[in-house]
Amino acid sequence: MDLILDNLTDPQRAAVTHMDGPMLMLAGPGSGKTRVVTHRIAHLLREGVPASQILALTFTNKAAEEMLARVQQLAPGEPVWMSTFHRFCARMLRQYSSLVGLQENYSIYDMADAKATMKRAIEVSGISLSHTSLDQIANAISHFKNQLLTPESMEGVNLPAGKMLAAKVYPYYQQLLLVANAVDFDCMLLHVARMLRENPELREALDSRFRYIMVDEYQDTNLAQYAIVRSLSVVHQNLAVTGDPDQSIYGWRGANLNNILDFENDYPQVKTVRLEQNYRSTPNILRVADQLITNNTRRKHKGLYTHNPEGAAVRLRIYANGYQEADDIADQIVEQIQNHGRSPKDFAILCRMNYLTRSLEHSLRSRVVPYTIVRGVEFYQRKEIKDLLSYLQLINNPANDAALSRIVNTPARGIGKTTMDRVMLFAARHRIPLFEAICRCDEIESIKPRTRGLLKRFVGIIDSLSRKASSSLEDLLRFVLEQTQYSDYLRFSTVEGEDNDALANVDELVSAAVEFDRQHPDDGSLETFLEQVALISDTDAWEESSDRVTLMTLHAAKGLEFPCVYIIGVEDQVLPHHRSHDDPMQFEEERRLLFVGITRAEQTLQLSMAKLRSARGSMRPAAASPFLLELPREEMQVIDAHQPTQYGDDNDFDVDVEYPEAWDMHADHDDDLNQLPPEERTPETTSTPRTAPIASVTTAAQMLEQQMANTIDPDIYTVGMIVSHPEYGSGRIQSLSGSGGKRTATVNFFVDSIERRFRLSHAQLTIESED
DNA sequence: TCTATCACATTTTTT
DNA sequence: ATGTGATAGA
């Protein structure tokens, strides 16, 4: 039995055993890509390639950790260098910092730090934000860096008007970063790429040090990453990249789809392997995904197939409004958990935009279904955490202006905006860090003597903290808390019993420090801790283990899989997003986004849209996403849950909203019902026109209950009746209670004389005799 | 210098 | 609906 080579398909084995020369692995969703990559590394090691010569680059920490663990399992021994691009660059910069004008204790700015710095740069450059925004400028600068454009190389380059201002800010921003001995995320890549380009002997050394390079999710690489990878594989072209053009959803962040589309041109001797067999989804789901993505032009053809058994038809539900959508999905989940042995963790609800999870949250909470939201901002973005980390950063790198600005007056020390403006002016004039400017505050004439005293006291605090810099992280952090009286500050700024969260978060950070000390008994430096923290993301915190329904954006769902998936808000202007409508490239990316969502599903999938969607506080009509037209309707189950709503029985919107004719939204759905599984195909539903107004109905939830109740007429049951249950056998109905969807029967079973209660709308009770 | 109030915008966000 | 950022007043 060969752990590494057995149980692989032919294409998989071909990829695993490929050793020298470039390789492109086109891996469809659920095709066992991670398995192939890890097995290939194990194979390389077994064939005698030293672990130190292998470098595997991923985009997420999670992917890197997972691969590392799996390789360790297959081939225990010296670990292979597996990390994210950014972590790799962080290490390189640490080692070769002087080549790009940094010191080795440089800081890594997160988005917030970077934006704050840009804001300063904008002020310094004297540009008005009236025709643009900070976000736009930040985006543009990020793009410059991803395109390997330095401020110098951009001089004289013609730019669209939208980017002109950003280009003006760019050099000022870079200057501030340099003075602060700091980099932002994009800089890390840019610096390393430049370093490799400008230092041929270093490039060569690293090229032969990392003889075997693997890149995961290659479709998401930007130009900077591309340049780094190419530089490291000029002499030793043992570059294996894996990816799927159809799953490229980060174009807006600078990812260049051409990197993977042109890989075969870049490396003519490339060996291309296609992994087309899917192990994840039912054929039904896969066909829907495949048919959708066929509409894209910028792709490499893959013929996806699976040997998995046929499953339930993919559902498309059209709801009257977003609340009904949320309630119905929550009801479905409850039903599946109660009666079909599902757990909350089997479900994922995906959406284009974060705010769409709100109504779902509400519906789940009211039904006491546990859920988590995977959001962009979490623990390390919390104010108290950022504050404390800023103290640590300042100790590690006193030039870190972003950290200083954050905590110079937190807790309050009487150093306000006016003072800091003067300090900043002085710092900018002398091109020195803020901390140095504060140390030299005697030279700043505009600052009053009293304030100088306050500034000096601040310097004293930082100095005393710095003297502790080499103690354990836990001690250091506790010392910071003590010296700055930060805990008191939190307690005082607390409104009324509300904010004990903040103190708990502080405790959690201390725990993280303790844990770090434990894991790094010898090499634990402040620098390492800060680097680790800076490059952590919040999606990493998502615990797979907890038994909860997962709510997240389609972007966050990449790489994950769930038995049951709901994709909500499949509406025009939402998916595709209205800002991606015009540009065909972006439009295709939106289609890929839906493709990614669909292919997360293992067993069941429901796409849904609402005819009315509340956005920005008000109800607006929504039209079907154009992508819905591209799906194979004939094999899907289309359910138009059109019902009158609390928003008016004579719903004006109904007439106004335009639906593609092919969808036949309001027609009778006998066809569709015939595709339902038998238990859902009761005479009641077919004979009751679904558009009939139900006068007494007030909320969407009640409507749904009614609807459900109608599927099985509860009134056919009477007390004393003998019924049969699939699990417990025969029994007698003792009593009946409730009404509508809550109509409940208490049954005493003959087999054990135990009474059990069932909701008639859900339970599978069959009548054996009337008496 | 701090605090309260108001206007404003609001896609997605691996690092 | 909700949060953030700027501004004005204490």
Side-chain angles (χ1 to χ4, degrees), chain A residues 57-65 83-90 108-116 119 129 133-136 138-139 142 145-146 183-189 216-217 219-222 224-225 247-255 350-356 358-359 361-362 374-378 380-381 383 409 412-421 448 450-451 454 493 531-540 542 552-560 569 573-581 586 589-590 592-594 596-597 614-619:
Chain A
L57 296 171
T58 65
F59 278 81
T60 65
N61 296 306
K62 197 191 275 169
E65 279 158 25
S83 78
T84 62
F85 268 99
H86 287 84
R87 225 171 263 280
F88 172 76
C89 291
I108 299 170
Y109 277 5
D110 65 12
M111 283 301 286
D113 294 338
K115 281 192 185 165
K119 213 166 167 184
L129 278 181
S133 68
L134 181 57
D135 283 313
Q136 276 185 330
N139 264 332
S142 171
K145 293 187 177 179
N146 291 161
V183 296
D184 64 23
F185 291 143
D186 300 313
C187 268
M188 301 174 73
L189 303 174
D216 195 26
E217 307 280 17
Q219 77 280 354
D220 289 332
T221 51
N222 58 36
Q225 287 155 334
Q247 294 185 67
S248 162
I249 54 176
Y250 285 101
W252 53 276
R253 280 186 96 270
L350 312 179
C351 53
R352 179 66 235 267
M353 283 166 294
N354 276 311
Y355 76 82
L356 289 172
R358 292 227 180 103
S359 47
E361 250 185 288
H362 180 258
V374 180
R375 245 196 250 96
V377 283
E378 282 304 323
Y380 288 99
Q381 302 285 4
K383 177 179 166 11
N409 203 30
R413 302 187 176 92
I415 304 170
K417 189 171 184 306
T418 327
T419 307
M420 281 313 287
D421 279 346
K448 295 191 195 78
R450 197 187 88 88
T451 315
L454 296 171
S493 55
E531 177 185 306
Q532 181 160 315
V533 167
L535 297 179
I536 227 156
S537 92
D538 300 303
T539 25
D540 297 330
W542 180 69
M552 60 184 155
T553 63
L554 290 160
H555 285 91
K558 194 165 96 168
L560 305 175
Q573 310 297 317
V574 176
L575 180 65
H577 192 271
H578 72 97
R579 285 164 83 162
S580 300
H581 234 280
Q586 289 185 48
E589 181 155 310
E590 298 283 318
R592 291 194 291 268
L593 208 42
L594 182 55
V596 166
S614 83
R616 297 192 263 265
S618 66
M619 273 290 191

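Given the structure is predicted, the values throughout are model-derived calculations rather than measurements. Chain naming here is simple, since letters A, B, ... match the order of the sequence lines and numbering starts at 1 in each.
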| Spacing between A/Asp186 atom CG and B/dT13 atom C1', to the nearest angstrom | 11 Å
| query | Quick one: is B/dT13 close enough that its OP1 or OP2 comes under 4.0 Å of any side-chain N or O from A/Arg253? | reply | no
| task | Write down the distance between CG (A/Asn409) and C1' (B/dT3), rounded to a whole number of angstrom. | result | 14 Å
| query | For the pair made of CG in A/Asp421 and P in B/dT1, what is the distance, rounded to whole Å? | reply | 10 Å
| task | Look only at the side chain of A/His86 and the backbone of A/Met188, and say whether a donor-acceptor pair between them is shorter than 3.5 Å. | result | no
| Roughly how many Å is it from CG in A/Asp135 to P in B/dT10, rounded to a whole number? | 7 Å
| message | Is there aromatic stacking of A/His555 on B/dT12 here, judged by a ring-centre distance under 5.5 Å and a plane angle under 30°? | response | no
| task | Verify the contact: side-chain N or O of A/Asn354 to OP1 or OP2 of B/dT12, cut-off strictly under 4.0 Å; return yes or no. | result | yes
| Would you say the side chain of A/Asp113 lies within less than 4.5 Å of the side chain of A/Asp110, judging by non-hydrogen atoms? | yes
| Atom CG of A/Leu350 and atom P of B/dT11: how far apart are they, to the nearest Å? | 20 Å
| said: Would you say that A/Asp220 contacts A/Ser248 through its side chain, given a criterion of any heavy-atom pair below 4.5 Å between the two side chains? | reply: yes
| query | So what does A/Ala534 hit on the nucleic acid, given a heavy-atom distance under 4.0 Å: a base, only sugar-phosphate, or nothing? | reply | nothing
| task | Measure the distance from CD1 on A/Ile415 to C1' on B/dC2 and round it to the nearest whole Å. | result | 15 Å
| task | Could you tell me whether A/Arg592 and A/Glu589 have a side-chain N and a carboxylate O separated by less than 4.0 Å? | result | yes
| field | A/Ala412 or A/Trp252, whichever maps to the more 5' nucleotide of DNA chain B | value | A/Ala412
| request: Round to the nearest Å and state the distance from A/Leu356 atom CG to B/dT10 atom C1'. | output: 12 Å
| request: Ignoring backbone atoms, test whether A/Ser133 places a side-chain nitrogen or oxygen under 4.0 Å from the OP1 or OP2 oxygen of B/dA9. | output: no
| task | Hey, which sits more toward the 5' end of DNA chain B by its nearest nucleotide, A/Tyr250 or A/Gly416? | result | A/Gly416
| request: Could you say whether A/Arg358 or A/Lys417 is positioned toward the 5' end of DNA chain C, judged by the nucleotide with the nearest heavy atom to each? | output: A/Arg358
| message | When you compare the side chain of A/Gln586 with that of A/His577, does any pair of heavy atoms fall below 4.5 Å? | response | no
| said: Applying a 4.0 Å non-hydrogen cut-off, can you work out what A/Lys119 is touching in the nucleic acid: base, sugar-phosphate, or nothing? | reply: sugar-phosphate
| request: With the side chain counted from C-beta on, respond yes when A/His555 and A/Trp252 share a heavy-atom pair under 4.5 Å apart, and no when they do not. | output: yes
| Tell me: NZ of A/Lys115 to C1' of B/dA9, nearest whole Å? | 13 Å
| request: Please determine if a side-chain N or O atom of A/Thr553 lies less than 4.0 Å away from the OP1 or OP2 oxygen of B/dT11. | output: no
| Which part of the nucleic acid does A/Asp220 contact within heavy-atom distance under 4.0 Å: base, sugar-phosphate only, or nothing? | base
| For B/dT1, does OP1 or OP2 lie under 4.0 Å from any side-chain N or O of A/Thr419? | yes
| Nearest-nucleotide pick for A/Thr418, side chain only, options being B/dT14, B/dT11, B/dT1 | B/dT1
| Shortest side-chain distance from A/Thr60, nucleotide among C/dT2, B/dC2, B/dT14 | B/dT14
| request: Under 4.0 Å between any heavy atoms, over every strand shown, what does A/Tyr355 touch: base, sugar-phosphate, or nothing? Just pick one. | output: nothing
